[in-house]
Amino acid sequence: ATANVLTNDPLPHIDHLSSMIGEANYYLKKNRVQEALQLYPSIQHLYGSLPAQSKEEIYPKCAELHQKIIAQQLRRLV
């Protein structure tokens, strides 16, 4: 029963998601857009699996990452 409670707890998922967002931001700071883009589908998938309250908590970080990726991609086009 304990394992089941842990599995359903969104906190580890939020921690993992925050870690992945941090990693993607690191790649963007190093101008390694492709690595950030490779992480993004996993970030989206994990975000989609969160309960609504957890989504509200992490959404600003996800939205900021999305905007940074778009900005970096646009800079590469110019």
Side-chain angles (χ1 to χ4, degrees):
T2 307
N4 205 12
V5 170
L6 292 175
T7 305
N8 293 328
D9 183 3
L11 262 180
H13 298 297
I14 290 173
D15 289 344
H16 185 98
L17 186 55
S18 290
S19 176
M20 290 175 69
I21 290 169
E23 187 177 351
N25 278 315
Y26 168 81
Y27 287 138
L28 291 175
K29 284 180 185 175
K30 298 292 182 181
N31 210 21
R32 293 163 55 185
V33 181
Q34 280 309 116
E35 284 96 335
L37 282 173
Q38 287 174 351
L39 279 175
Y40 197 71
S42 296
I43 290 169
Q44 287 179 304
H45 176 76
L46 196 52
Y47 175 82
S49 71
L50 292 174
Q53 184 177 354
S54 298
K55 285 180 180 176
E56 287 178 26
E57 182 181 326
I58 198 84
Y59 177 79
K61 289 182 180 180
C62 291
E64 180 184 10
L65 175 63
H66 182 79
Q67 291 302 317
K68 286 179 181 178
I69 288 173
I70 290 172
Q72 288 244 358
Q73 287 180 310
L74 289 175
R75 271 187 238 129
R76 293 179 130 203
L77 295 175
V78 176

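Gln73 has its side chain within reach of Leu37: a pair of non-hydrogen atoms, C-beta onward, lies under 4.5 Å apart.
Atom CG of Leu74 and atom CD1 of Ile69 lie 12.0 Å apart (nearest 0.5 Å). Between the CG atom in Leu17 and the CG atom in Leu46 there is a gap of 5.0 Å [rounded to 0.5 Å]. With rounding to the nearest 0.5 angstrom, the CG atom of Leu50 is 11.5 Å from the CD atom of Glu56. A distance of 12.5 Å separates CD of Gln67 from SG of Cys62, quoted to the nearest 0.5 Å. Atom CD of Glu23 and atom CG of Leu39 lie 4.5 Å apart (nearest 0.5 Å).
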When you look at His13 and Ser54, which way does the side-chain contact (heavy atoms from CB on, under 4.5 Å) test go after all the steps? CA-CA 9 Å; His13 298 297; Ser54 298; over 6 Å; no
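For the ring pair (Phe, Tyr, Trp, His ring centres under 6.0 Å) condition, the pairs that include at least one residue of residues 45-78, sequence neighbours left out, are Tyr40-His66.
Both Leu77 and Ile70 are assigned to one and the same hydrophobic cluster, defined by single-linkage of ILVMFWY side chains at heavy-atom distances under 4.5 Å.
Atom NZ of Lys61 has 12 or fewer neighbouring heavy atoms from other residues, nucleotides or ligands inside a 6.0 Å radius.
Closest of all the heavy-atom pairs between Ser18 and Ile58 is OG-CD1, 3.2 Å. Closest of all the heavy-atom pairs between Lys55 and Gly48 is NZ-O, 3.5 Å. The two residues Ala24 and Ala36 make their nearest non-hydrogen contact at O-CB, 3.7 Å. For Leu28 against Gln72, the heavy-atom pair with the smallest separation is O-NE2, 2.9 Å.
In this structure a side-chain-to-backbone donor-acceptor pair under 3.5 Å is missing from Ser19 to Asp15.
In terms of the salt bridge (charged side-chain N to carboxylate O under 4.0 Å, His left out) criterion, residue partners of Lys68 (sequence neighbours excluded) are, by chain and number, Glu64. Residues satisfying the salt bridge (charged side-chain N to carboxylate O under 4.0 Å, His left out) test with Glu35, not counting sequence neighbours, are Arg32.
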